[in-house]
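These values consider heavy atoms only, across backbone and side chains, with no hydrogens, waters or symmetry-generated copies. Here is how names work: the chains are called A, B, and so on, in the same order as the sequence lines, proteins then strands, and each is numbered from 1.
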Amino acid sequence: MNDVIGGTVGGRVLREDAWGKVLGQAAFPADVRREGQIYAVAVRSPHAHARIRGLRLDEARKAEGVVAVLTSADVPHNGHGVLYRDQPVLVADHVRMAGDPVVLVGAETPAQARAAAGRVEVDYEVLPGLFDPEEAMKEEAPALHPEIHGGSNIVYHLPVYKGDTAKGWAEAEVTVERDYQTQMLDHAFLQPEAVLAYVDERGHLVVEVATQYAHYDRGEIAHALGLKFNQVRVRTRSVGGAFGGREDISLQIMAALMAWHTQRPVKMENTREESFYSHSKRHPMRMHYKTGATRAGKLTVMEARIVGDAGAYASWSPNILRKAAIHATGPYEIPHVRVDAYAVLTNNPYTGAMRGFGAAQPVLAYESQMDLLARELGLSPWEVRLRNIYRAGSETATGQVLSGSVGMEECLKAVKSYLGEVSGR
Amino acid sequence: MKIELKVNGVDRRLEVEPEERLLDILRERLHLTGTKEGCGEGECGACTVIMDGKTVNSCMVLAGQADGHAVTTIEGLGKRGSLHPVQKAFLEEGAVQCGFCTPGMVLSAKALLDRNPHPGKEEIAVAMSGNLCRCTGYDRILKAVERAAGEVEQ
Amino acid sequence: MKKRGRGLGCAWYGTGYGNGFPDVSSAFVEIHDDGSVSVLTGAIDVGQGSSTIFAQIAAEELGIDADEVTVISGDTDTTPDSGTSAATRHTYNTGNAVIKAVTQAKAGLLAYAARALHCTSADGIELKDHRVRVKGEPARSLPLAEVVSQARLDGERFLGSESYTARTTRVNPETGQGSPYWPYAFGCQVAEVEVDTETGNVRVLKVVAAHDLGKAINPLQAEGQIAGGIAQGVGFALLEEVQLSEGQIKNPSLSQYLIPTVLDTPEIHAILVEEPEETGPYGAKGLGEPAMLPTIAAIVNAIDDAVGVRITSLPATPEKILAALAGPSKT
């Protein structure tokens with residue numbers, strides 16, 4: 001063990017903040033406070049798809065301790081999003097997913113804020129929802145975002161076509177074809193979202209938060225509130241895990257809006273349940289794979305169709321399904337490839353970045369295919385991979401020649417002895 | 001209602017609401033924010049504190065139930081330069097990443113070693129199983145507790 | 001009956017934003033009187049350890065220790081935009097920006113030192129072990145702190161402000177052809193599982209993980225990324241699922257959405273494969289996301305090896321495994 005405080009490249013250097021973390025001193029956003037702070041709570045839609053016919057806010061406004069009750073009318077530019085600003089800060093009329101925030105209540109104590117939030121009345125006209133991406137991508141399906149994403153719910157499609165698949169099938173002596181399905185996942189970082197927002201002595205809006213990208217947050221806050229970038233300071237506190245779930249805006253703009261509106265420091269803290277509803281999810285993907293190889297164990301062809309459920313807002317879906325398409329072959333040279341990947345809007349919770357970012361889901365498919373092929377060929381799973389893996393100079397399905405570091409063979413060789421001969425069958 | 005409790009060796013008298021949790025009075029009234037809230041239902045262990053020698057999830061203990069008891073939070077362990085052996089082991093094994101689970105983990109490990117200075121691997125794992133971590137994969141946390149057990153022994 | 005099996009999973013991962021989008025990281029650097037240094041970057045340490053990596057890189061470049069480097073990050077009032085903490089990009093992308101900014105900051109220092117050490121060119125000067133030395137003549141050297149403070153008294157300032165942009169191209173939207181990512185990371189894992197044929201329960205006993213990360217700037221943190229990735233892979237393969245009904249989440253709590261506990265995670269053996277990437281800082285690529293990718297497949301393939309059922313829909317719950325064991329279409 002050679003852990004050191006000092007040290008340079010290659011050293012087992014300890015993280016400087018570890019001391020503060022073992023001592024309980026590290027400040028996550030829920031741990032910071034400001035004199036006179038109020039607490040804000042979002043009223044979220046219980047319905048996945050609805051029109052808002054009206055709001056009744058009188059009871060909430062009269063409730064004990066209430067400082068302000070804000071709606072979409074109070075948001076100067078009511079949209080945010082990493083690729084498209086298709087996600088409202090507060091919904092004006094069209095609810096697209098359960099958990100969409102509609103009204104923001106600020107009060108002197110957390111209990112008062114939650115009590116007042118319970119007195120907000122929203123008149124919803126519940127609409128039929130689209131919950132199956134295969135249904136949502138049909139031409140006759142109603143479009144969920146006609147203004148921003150046009151008449152189709154297919155928010156992205158990428159073909160990756162290489163070579164001539166007919167030739168590949170002619171060369172294939174063994175074929176494996178399967179359907180695969182991955183599930184929706186939550187990042188479940190241990191620290192639920194929290195924000196402290198206030199206007200400082202310069203008149204600048206300060207937002208203390210745990211985020212993956214402070215500069216992006218600043219831009220979205222400034223845009224929504226109609227402020228200059230230099231009037232908004234986003235300061236990152238300790239971040240209790242992220243894994244992609246802190247890329248999109250969650251509470252930042254709402255807390256900033258309440259602070260700007262009331263000129264009081266504002267604290268927002270998600271419960272775990274609110275956290276589930278206020279950040280993205282991992283895309284469930286349906287993947288149809290058909291792979292062909294020669295008797296000698298060389299891959300000749302692969303076809304795949306990948307459909308990812310984008311949920312109610314685009315977030316990073318185009319980039320994620322692009323990444324899925326590009327990585328769909330796995331780390332194997334295949335001369336003839338045809339992949340089509342789609343991201344489809346539905347009324348499910350919106351999906352976005354999560355560790356692996358679209359390159360994770362296809363691993364289930366392409367690695368299952370390799371084992372199934374190995375069985376058909378009478379080769380070991382290890383051997384069939386060795387005969388096809390990328391090496392320096394290999395060409396990927398996108399035609400990219402891997403010119404530099406390609407340590408695939410070393411990795412494969414490093415784990416070989418652990419595969420052993422164990423088999424329950 | 002009025003309660004009296006000892007927190008990190010200091011006597012505290014507080015007027016509390018019936019629905020207030022031990023977690024709330026530690027964080028909001030005493031500003032001992034090393035105790036974290038991760039789930040509010042006793043599942044994640046981020047709010048672990050030691051009450052009369054036993055670990056509890058402070059989100060599941062009403063302030064009234066802490067009346068007359070002694071509570072140790074992460075702030076009651078070591079200080080910079082004089083870390084508790086468990087804190088030192090967490091550092092040295094690289095068991096800290098995002099750090100949100102760390103205070104609860106450290107306290108669970110401390111309580112275990114206080115009642116059994118020589119726990120086996122299995123016993124360590126069981127004792128730590130009420131504390132969730134999403135970053136580290138627990139690997140180094142287990143090694144840290146084993147290391148701390150070795151140091152406590154000396 | 002409990003049956004054991006082993007499975008192999010391999011994966012690749014293109015790091016960075018990719019697809020021709022400008023993936024830019026930036027850093028500001030100032031070298032202080034005593035040879036310690038500040039690095040300012042928007043790159044946020046979300047627990048993965050990026051700030052430590054930047055401190056180590058700056059220390060290496062200046063011949064000092066990482067604890068003499070303060071990394072200030074993620075504050076829009078003080079730090080330059082360095083892109084998001086995602087895409088396994090900070091070690092490679094922001095690490096390169098830090099090297100460039102430190103190189104710029106120390107250029108004047110090397111020139112000043114060359115004069116002080118009567119060397120004809122700054123190229124002949126190196127920074128090592130807190131000293132400024134003539135290359136090939138280590139005895140001819142001065143303490144770094146002495147040189148910096150003297151230089152500052154002479155009015156010199158050692159500042160750096162640099163950016164680094166990863167190289168990619170946009171893929172053709174009709175064919176997908178192009179060079180969308182660079183560099184790529186690779187990994188292979190072997191999982192050993194035990195399947196209870198009566199309950200359908202799967203225990204992952206051990207995972208051996210070999211990952212090509214280019215260069216381990218900090219092996220301790222690299223091993224931590226692998227262990228954490230494997231735990232999330234176990235959750236993905238066996239436990240986790242956001243259950244929906246008409247778009248509503250049926251299990252929005254940690255008592256219903258189960259993530260791995262210490263009892264669910266396997267013994268882990270990490271192997272760091274260092275196939276240097278010439279464009280990476282000291283050859284480094286990245287590891288954060290790739291660490292979890294092979295786990296999913298290694299577990300599914302190990303289940304098949306153990307009990308002869310092919311799970312094609314995740315998570316591989318006991319119910320699915322029992323159904324597959326009982327089913328007629330056993331593969």
| said: What part of B/L142 gets within 4.5 angstrom of chain C, counting heavy atoms only: side chain, backbone, both, or neither? | reply: side chain

| In this structure, are over 12 heavy atoms from other groups packed under 6.0 Å from B/E15 atom CD? | yes

| said: Please classify the contact of C/L254 with chain B as side chain, backbone, both or neither, using a heavy-atom distance under 4.5 Å. | reply: both

| task | Identify the two heavy atoms, one from C/T265 and one from B/Y138, that lie closest to each other, and give their separation to 0.1 Å. | result | OG1-CD1, 3.5 Å

| query | Quick one: which residues of residues 35-52 of chain B reach chain C at under 4.5 angstrom, heavy atoms only? | reply | B/G38, B/C39, B/E41, B/E43, B/C44

| note | From the list C/D264, C/I259, C/V234, C/I268, the residue making the most non-hydrogen contacts under 4.5 Å with chain B is C/I259

| For B/D139 and C/A227, which heavy atoms make the closest approach, and how far apart are they? | CB-CB, 3.8 Å

| If every non-hydrogen atom of C/A231 is compared with every non-hydrogen atom of B/G137, which pair is closest and at what distance? | CB-CA, 3.5 Å

| task | May I ask you to name which of C/Q48, C/Q232, C/Q221, C/Q225 has the most heavy-atom pairs under 4.5 Å with chain B? | result | C/Q232

| field | Nearest heavy-atom neighbours spanning C/L263 and B/V126 | value | CD2-N, 4.2 Å

| request: Counting only heavy atoms closer than 4.5 Å, note whether B/T136 contacts chain C via side chain, backbone, both or neither. | output: backbone

| task | Look at C/S253, C/G49, C/G235 and state which one has the largest set of heavy-atom pairs under 4.5 Å with chain B. | result | C/S253

| request: Name the member of C/S255, C/P266, C/P260, C/G224 that forms the most heavy-atom pairs with chain B at distances under 4.5 Å. | output: C/S255

